[in-house]
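Before any comments, here is the structure.
Hydrogens, waters and symmetry mates play no part in the numbers below; they use all other heavy atoms, side chains included. Chain naming here is simple, since letters A, B, ... match the order of the sequence lines and numbering starts at 1 in each.
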2 protein chains.
Amino acid sequence: MSKQKRVTSYDVAREAGVSQSAVSRVFRPGFSVSKKTREKVVATANEMGYRPNAIARMLITKQSGMVAVILSSRANLNYPEVLSELNKELALNNKRVLLFTLDDADELDELLENIWTFQVDGVIALAAHFDSKSLDLFAKHSTPIVLYNRNVPESNANTVCCNHDKGIKQLIDLLHQSNHKSYLIIAGPDDSDVANERREIAQNYLHTLGIQNTPVIYGDYGYKSARSALENWLKTNTLPDAIICSNDVMAIGVIDEIKQNLNLSVPDDVSVVGFDGISAASWYNYQITTIQQPMKQLTKAAVDILMERIENPQAAAEARVFTGSLITGNSIKTR
Amino acid sequence: MSKQKRVTSYDVAREAGVSQSAVSRVFRPGFSVSKKTREKVVATANEMGYRPNAIARMLITKQSGMVAVILSSRANLNYPEVLSELNKELALNNKRVLLFTLDDADELDELLENIWTFQVDGVIALAAHFDSKSLDLFAKHSTPIVLYNRNVPESNANTVCCNHDKGIKQLIDLLHQSNHKSYLIIAGPDDSDVANERREIAQNYLHTLGIQNTPVIYGDYGYKSARSALENWLKTNTLPDAIICSNDVMAIGVIDEIKQNLNLSVPDDVSVVGFDGISAASWYNYQITTIQQPMKQLTKAAVDILMERIENPQAAAEARVFTGSLITGNSIKTR
DNA sequence: ATTAATAATGACTTCGAATGCAATATAGAT
DNA sequence: ATCTATATTGCATTCGAAGTCATTATTAAT
């Protein structure tokens with residue numbers, strides 16, 4: 001009934017009549033042990049219920065086998081899936097995910113303290129903003145970090161990213177080619193880097209196509225926020241030909257707002273495009289034309305880069321960009 | 001440029017002209033250190049960039065400060081949010097989440113090995129099935145475990161759970177009172193305990209109300225699965241008065257299937273209820289009458305119970321059940 | 001000033017596995 | 001059988017912080 005004492009390598013060694021080193025070597029791959037000893041040790045270990053203590057191993061090898069994954073609340077809705085995918089991918093590389101969340105920028109210091117403390121082998125940051133000062137800190141601690149879905153061309157950070165530029169231009173081309181003249185952009189929260197990137201790309205490209213001063217309104221990536229943003233805007237403006245939404249959830253909100261409150265329909269009265277390719281985007285009531293993020297490629301690449309950096313910390317930074325795939329829905333009208 | 005050597009408590013001690021013990025005490029709360037020493041140590045520590053090594057601390061204190069969270073792929077769609085909520089709640093208790101996934105039952109042994117290895121302080125299992133044999137193993141290792149959203153009345157496991165019984169009966173009462181006579185149940189995958197529980201409750205309660213042999217068809221909790229299950233079933237059957245879906249996503253699938261392929265509508269031609277209270281359930285096109293799981297209460301309770309068990313491992317097992325709240329949508333017709 | 005009570009300190013050991021090194025055993029060659 | 005070359009083995013040390021305990025400094029009380 002008492003707090004049961006853990007079985008250590010010494011216990012097994014004593015019982016099996018070998019040294020502690022021998023036990024240790026049996027549980028390390030690629031170390032030289034005679035068949036006889038190995039069998040003896042494995043047998044007693046199983047009998048006694050011995051498992052090497054990962055903590056002790058971490059201390060001496062200076063490898064925790066853990067990767068910090070930083071989630072920010074600004075994360076887009078498909079991030080949970082990303083997390084589970086990352087976890088699987090990292091498990092294949094014998095790494096465990098230690099989860100951290102970063103909600104306020106001013107918690108950053110505390111977060112970093114925590115990360116150093118846990119001696120993680122590497123870090124993957126989802127949608128969190130890291131300025132170059134923080135990135136330098138990672139370099140100083142020689143902790144590799146990969147930024148997920150961020151594109152920081154000027155910096156020398158490791159990043160994986162969906163090609164927002166290409167994707168958004170592709171959507172806008174579709175709209176432009178089918179003769180849409182006036183546009184409205186519904187952007188994500190302006191403290192999200194991804195949101196800003198998507199907004200800017202759309203603004204600039206429309207400008208390039210000769211469409212000046214496209215209005216922008218802001219949501220928080222959520223359904224309601226898009227609806228009320230649009231509702232507000234329409235109090236003093238008229239419906240454009242097309243609405244470019246920074247993600248699918250907001251596109252869904254927009255479609256519902258148009259249907260319910262304006263009694264109009266998409267794409268007949270206005271075209272809508274989204275971004276992300278979440279599953280709801282293809283539900284019968286929406287069928288949004290959007291860009292699907294290549295999530296599995298992105299997560300795999302993030303893990304690959306991280307593993308490479310853990311192996312070889314001085315390697316140069318790398319940015320991998322993946323092209324999303326166009327999902328042709330039924331939310332664009334040919335005018 | 002070389003792999004930089006970590007700063008240890010000895011380094012700080014030497015620099016500050018105190019003993020290593022002194023440094024250690026400065027960084028432990030509630031230990032007796034003179035103001036002078038504390039200031040000296042804190043100053044040099046900051047200067048040298050010293051942070052206590054959590055791994056070494058774990059080894060000596062035998063507390064890893066980590067809680068394993070086990071995700072199964074059978075998890076319902078709202079689990080990602082649960083994960084992030086759990087993480088926050090645990091962080092408040094100074095615990096970190098170490099993520100594990102369990103996809104196949106036959107990976108269980110490996111998973112458990114891993115968990116013991118990492119010396120986690122406790123475990124929270126989301127939707128994963130643990131038989132009493134595995135639960136005994138946790139007891140043997142004196143690792144507290146809390147099952148999230150499982151109700152195992154006979155066992156002495158720690159569980160938190162939404163009151164499926166009450167919720168589902170509430171929904172069925174609504175249907176029954178508004179004069180629905182014939183029913184169809186769309187259940188979740190039959191290797192999910194929660195799915196089976198929900199199905200059984202519905203079946204039994206309908207039976208209690210005098211409605212015999214309600215047909216059951218199965219989906220996998222996903223949109224498409226519900227649509228095709230219903231489509232198949234309708235090849236040889238006619239539409240019932242009401243369809244009881246084991247989760248909201250399948251209810252959404254059903255509504256779309258009815259609209260798109262049958263050209264009928266909900267609730268005019270058939271009533272539909274769901275379960276979970278996900279955000280999409282209240283989107284304009286669906287407005288499902290459903291039961292919202294009290295997710296924050298559930299997660300908080302799971303963490304509370306776990307913390308109590310970590311404090312006091314011999315305490316008796318506890319099951320906390322929370323009542324979900326009815327969301328009145330527009331998917332039930334008064335007949 | 002003296003004593004008693006308390007606070008602060010450092011030397012040393014501990015946690016549990018990994019590993020360099022020297023010692024020993026085994027296999028292979030002649 | 002003898003001598004190398006190679007494979008195994010165990011000893012002793014290491015990782016970095018925590019905590020016990022005996023010692024010393026400080027404070028309070030008389």
Side-chain angles (χ1 to χ4, degrees), chain A residues 3-42 44-45 48-66 113-114 116-121 141, chain B residues 3-42 44-45 48-66 113-114 116-121 141:
Chain A
K3 181 102 181 186
Q4 109 169 36
K5 202 166 70 251
R6 281 195 52 77
V7 182
T8 73
S9 57
Y10 284 95
D11 301 330
V12 176
R14 193 183 321 109
E15 202 70 20
V18 298
S19 72
Q20 179 267 330
S21 324
V23 177
S24 169
R25 279 189 276 256
V26 167
F27 286 91
R28 258 14 280 279
F31 273 70
S32 159
V33 203
S34 72
K35 205 196 309 167
K36 208 166 64 178
T37 324
R38 161 162 281 121
E39 281 165 1
K40 210 164 34 174
V41 169
V42 167
T44 24
M48 303 176 73
Y50 168 76
R51 285 286 98 195
N53 182 323
I55 307 289
R57 180 179 287 174
M58 289 175 196
L59 184 59
I60 188 77
T61 62
K62 302 185 169 184
Q63 285 247 325
S64 68
M66 301 189 296
E113 294 288 297
N114 252 311
W116 312 142
T117 283
F118 276 91
Q119 324 281 313
V120 296
D121 297 340
H141 283 252
Chain B
K3 182 104 181 185
Q4 108 170 37
K5 203 164 69 251
R6 282 195 51 78
V7 182
T8 75
S9 57
Y10 283 96
D11 300 331
V12 175
R14 192 183 323 109
E15 202 70 20
V18 296
S19 73
Q20 180 266 329
S21 321
V23 177
S24 170
R25 279 189 278 258
V26 167
F27 285 92
R28 298 289 6 236
F31 274 71
S32 158
V33 203
S34 71
K35 204 196 312 170
K36 209 167 63 179
T37 330
R38 160 162 280 121
E39 280 165 1
K40 209 164 34 174
V41 169
V42 168
T44 24
M48 303 175 74
Y50 168 76
R51 284 288 98 195
N53 181 325
I55 307 289
R57 178 180 290 174
M58 290 177 197
L59 184 58
I60 189 78
T61 61
K62 301 183 168 188
Q63 286 247 328
S64 68
M66 301 191 295
E113 294 288 296
N114 251 311
W116 311 142
T117 284
F118 276 93
Q119 324 279 314
V120 296
D121 297 341
H141 284 253

Atom pairs and distances, donor-acceptor, side-chain atoms in residues 26-36 of chain A, under 3.5 Å, two or more places apart:
from, atom 1, to, atom 2, distance (Å)
A:Ser34, OG, A:Thr37, N, 3.3
A:Ser34, OG, A:Thr37, OG1, 2.5

**Message:** Would A:Lys62 and B:Arg6 count as a side chain to side chain contact (heavy atoms under 4.5 Å, CB included) here? Give the steps.
**Reply:** CA-CA 10 Å; A:Lys62 302 185 169 184; B:Arg6 282 195 51 78; 6.0 Å; no

**Prompt:** With a 4.0 Å cut-off on heavy atoms, is A:Phe27 in touch with a base, just the backbone sugar-phosphate, or nothing at all?
**Reply:**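 Answer is nothing: A:Phe27 stays at 4.0 Å or more from every strand.
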
**Request:** Answer with base, sugar-phosphate or nothing: what part of the nucleic acid does B:Thr61 contact at a heavy-atom distance below 4.0 Å?
**Result:**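 Here B:Thr61 touches the backbone only, sparing every base.
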
For [X] and [N], what is the distance between atoms [atom1] and [atom2] respectively, to the nearest whole Å?
{"X": "B:Phe31", "N": "C:dA8", "atom1": "CZ", "atom2": "P", "result": "13 Å"}
{"X": "B:Phe118", "N": "C:dG16", "atom1": "CZ", "atom2": "P", "result": "17 Å"}
{"X": "A:Met58", "N": "C:dC15", "atom1": "CE", "atom2": "C1'", "result": "14 Å"}
{"X": "B:Gln63", "N": "D:dA17", "atom1": "CD", "atom2": "C1'", "result": "15 Å"}

**Message:** Tell me if a side-chain donor or acceptor on A:Ser64 pairs with a main-chain N or O of A:Gln119 at a distance below 3.5 Å.
**Reply:**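 Yes, because the side chain of A:Ser64 sits within donor-acceptor range (under 3.5 Å) of the backbone of A:Gln119.
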
**Message:** For the backbone of B:Glu113 and the side chain of B:Thr117, can you confirm whether one donor and one acceptor N or O come within less than 3.5 Å of each other?
**Reply:**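 Answer holds: yes.
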
**Prompt:** Phosphate oxygens OP1/OP2 of D:dG19: is one of them under 4.0 Å from a side-chain N or O of B:Arg28?
**Reply:**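 Affirmative; the distance criterion is met.
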
**Reading 5' to 3' through nucleotides 9-16 of chain D, protein heavy-atom contacts under 4.0 Å coded B for base, S for sugar-phosphate only, - for none** = BBBB-BBB

**Request:** Measure the CZ-OG1 distance between B:Arg51 and B:Thr8 for me, rounded to the nearest 0.5 Å.
**Result:**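 Rounded to the nearest 0.5 Å, the CZ-OG1 separation comes to 14.0 Å.
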
**Request:** Quick one: pull up CG in B:Asn53 and CH2 in A:Trp116 and give me the separation to the nearest 0.5 Å.
**Result:**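 Taking CG in B:Asn53 and CH2 in A:Trp116, the distance rounds to 14.0 Å.
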
